[in-house]
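The structure appears right after this line, and notes come after that.
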Amino acid sequence: MRLKDSFAQSAKELKKTRSLAVAAMLLAIAVVLGFFSVQLTESIRISFTFLANELTGMLFGPVVGMLEGGLADIVNYMIKPTGPFFPGFTISGILGGLIYGTFLYKKPLTLRRIILTNSLVTVFVNMLLNTYWLTLLYGNAYLVILPARIVKELILLPINVAMFWFMSTMLTKAKVFKGLETPKQKALAKETEK
């Protein structure tokens with residue numbers, strides 16, 4: 001599917017009551033997941049919010065994914081503020097939703113595709129862009145904090161991939177996506193049931 005078509009079809013999702021209802025539930029889930037995390041070390045924390053954001057992009061495309069990513073950041077901050085509000089992280093949420101929606105929407109859900117999508121978000125959003133936002137927010141030198149952030153993100157990448165793969169596989173087997181998937185996704189789901 002061409003990028004232009006993907007955006008057009010994703011924008012049409014905003015006109016469907018069912019899509020809006022599911023997207024709103026996923027936004028609520030993203031906010032609730034924002035309260036939970038697992039602290040591995042002082043600087044490495046496993047967050048679960050991305051699961052709802054990635055799922056939204058997969059189900060409803062880049063337009064809805066961008067809205068969800070931005071709204072999730074704003075609502076999470078309003079409910080549980082940690083530090084000052086910084087709109088740069090909202091932009092990161094929007095870009096993450098764009099990447100998830102662009103690479104997962106109406107495409108076969110394969111481990112390779114999940115690895116590629118999460119790698120793009122990890123490198124361009126989490127490593128590069130979020131590091132830049134942190135330098136603006138706290139005044140640290142970019143190249144000073146970048147190496148530690150690269151190590152952190154490289155540790156979290158396989159964990160995030162495994163969590164999304166496990167969750168999406170279980171939801172597919174439970175037929176949660178019934179009626180929402182494309183013919184290619186239906187065929188892939190039948191293959192994984194065997």
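A quick note: this is a predicted structure, and the numbers were derived from the prediction, not measured.
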- Qualifying side-chain hydrogen bond (donor to acceptor under 3.5 Å, both in side chains) pairs, either residue in residues 30-39, two or more places apart: none
- Can you measure from CG (Leu120) to CG (Leu95) and round to the nearest 0.5 angstrom? 12.0 Å
- State whether the number of non-hydrogen atoms from other residues, nucleotides or ligands found under 6.0 Å of Phe48 atom CZ is greater than 12. yes
- Could you walk me through whether Ile74 and Thr90 pass side-chain contact (heavy atoms from CB on, under 4.5 Å), step by step? CA-CA 7 Å; Ile74 293 167; Thr90 305; 4.0 Å; yes
- Item | Residue pair Leu14 / Leu20: nearest heavy atoms and the distance that separates them | O-CD1, 3.3 Å
- Task: For the residue pair Met163 and Ile159, establish whether any side-chain heavy-atom pair is separated by less than 4.5 Å.
- Result: yes
- Between the CG atom in Leu129 and the CD1 atom in Ile91, the distance rounded to the nearest 0.5 Å is 7.5 Å
- Task: Kindly indicate, with the supporting measurements, whether the criterion side-chain contact (heavy atoms from CB on, under 4.5 Å) is fulfilled by Thr82 and Asn76.
- Result: CA-CA 9 Å; Thr82 52; Asn76 270 329; over 6 Å; no
- Query: With a cut-off of 6.0 Å (strictly less than), are more than 12 heavy atoms of other residues, nucleotides or ligands near CE of Met170?
  - Reply: yes
- Message: Is the shortest side-chain heavy-atom distance between Met127 and Leu154 below 4.5 Å?
- Response: yes
- Could you state whether Val38 and Phe166 fall into the same hydrophobic cluster, counting links through intermediate Ile, Leu, Val, Met, Phe, Trp or Tyr residues with side-chain heavy atoms under 4.5 angstrom apart? no
- From CG (Asn53) to CG (Leu26), nearest 0.5 Å: 9.0 Å
- Query: What heavy-atom pair brings Val125 and Gly96 nearest, and what distance separates the two atoms?
  - Reply: CG2-N, 4.2 Å
- Task: Find the distance between CG (Leu109) and CG (Leu104) and round it off to the nearest 0.5 Å.
- Result: 6.5 Å
- Query: How far does CG of Leu128 sit from OG1 of Thr122, to the nearest 0.5 angstrom?
  - Reply: 10.5 Å
- Query: Going by heavy atoms in the side chains, are Lys152 and Arg149 under 4.5 Å from each other?
  - Reply: yes
- Task: Quick one: list whatever passes ring-ring contact (aromatic ring centres under 6.0 Å, His included) with Tyr77, sequence neighbours left out.
- Result: Phe85
- Item | side-chain hydrogen bond (donor to acceptor under 3.5 Å, both in side chains) partners of Asn160, counting only residues at least two apart | none
- ILVMFWY cluster, Ile79 and Leu33 together (side-chain gap under 4.5 Å): yes
- Query: With a 4.5 Å heavy-atom cut-off, do Trp165 and Asn118 have their side chains touching?
  - Reply: no
- Do Met78 and Phe35 sit in the same hydrophobic cluster, where Ile, Leu, Val, Met, Phe, Trp and Tyr count as joined when their side-chain heavy atoms come under 4.5 Å apart? no
- Task: Among residues two or more places apart or on two chains, list those pairs meeting side-chain hydrogen bond (donor to acceptor under 3.5 Å, both in side chains) that have a residue in residues 23-36.
- Result: none
Only distances under 3.5 Å count here; give the side-chain donor-acceptor pairs of residues 55-72 to other protein atoms, sequence neighbours excluded, each with its distance to 0.1 Å.
{"unit_1": "Thr56", "atom_1": "OG1", "unit_2": "Ala52", "atom_2": "O", "d": "2.8"}
{"unit_1": "Thr56", "atom_1": "OG1", "unit_2": "Glu68", "atom_2": "OE1", "d": "3.4"}
{"unit_1": "Glu68", "atom_1": "OE1", "unit_2": "Leu27", "atom_2": "N", "d": "3.4"}

- Message: Nearest 0.5 angstrom please: Leu156 CG to Leu40 CG, how far?
- Response: 7.0 Å
- Those residues that, when tested against Phe86, pass ring-ring contact (aromatic ring centres under 6.0 Å, His included) (two or more places apart): Phe89, Trp133
- Query: If you count the non-hydrogen atoms of other residues, nucleotides and ligands that lie under 6.0 Å from OH in Tyr142, is the total more than 12?
  - Reply: yes
- Message: Can a donor-acceptor pair be found, under 3.5 Å and without considering hydrogens, that links the side chain of Tyr105 to the backbone of Phe7?
- Response: no
- Can any side-chain N or O of Ser10 pair as donor or acceptor with the backbone N or O of Ser6 at less than 3.5 Å? no
- Sub-4.5 Å side-chain heavy-atom contact between Thr135 and Ile145: yes
- Message: Please check: side-chain N/O of Arg113 versus main-chain N/O of Phe103, any donor-acceptor pairing under 3.5 Å?
- Response: yes
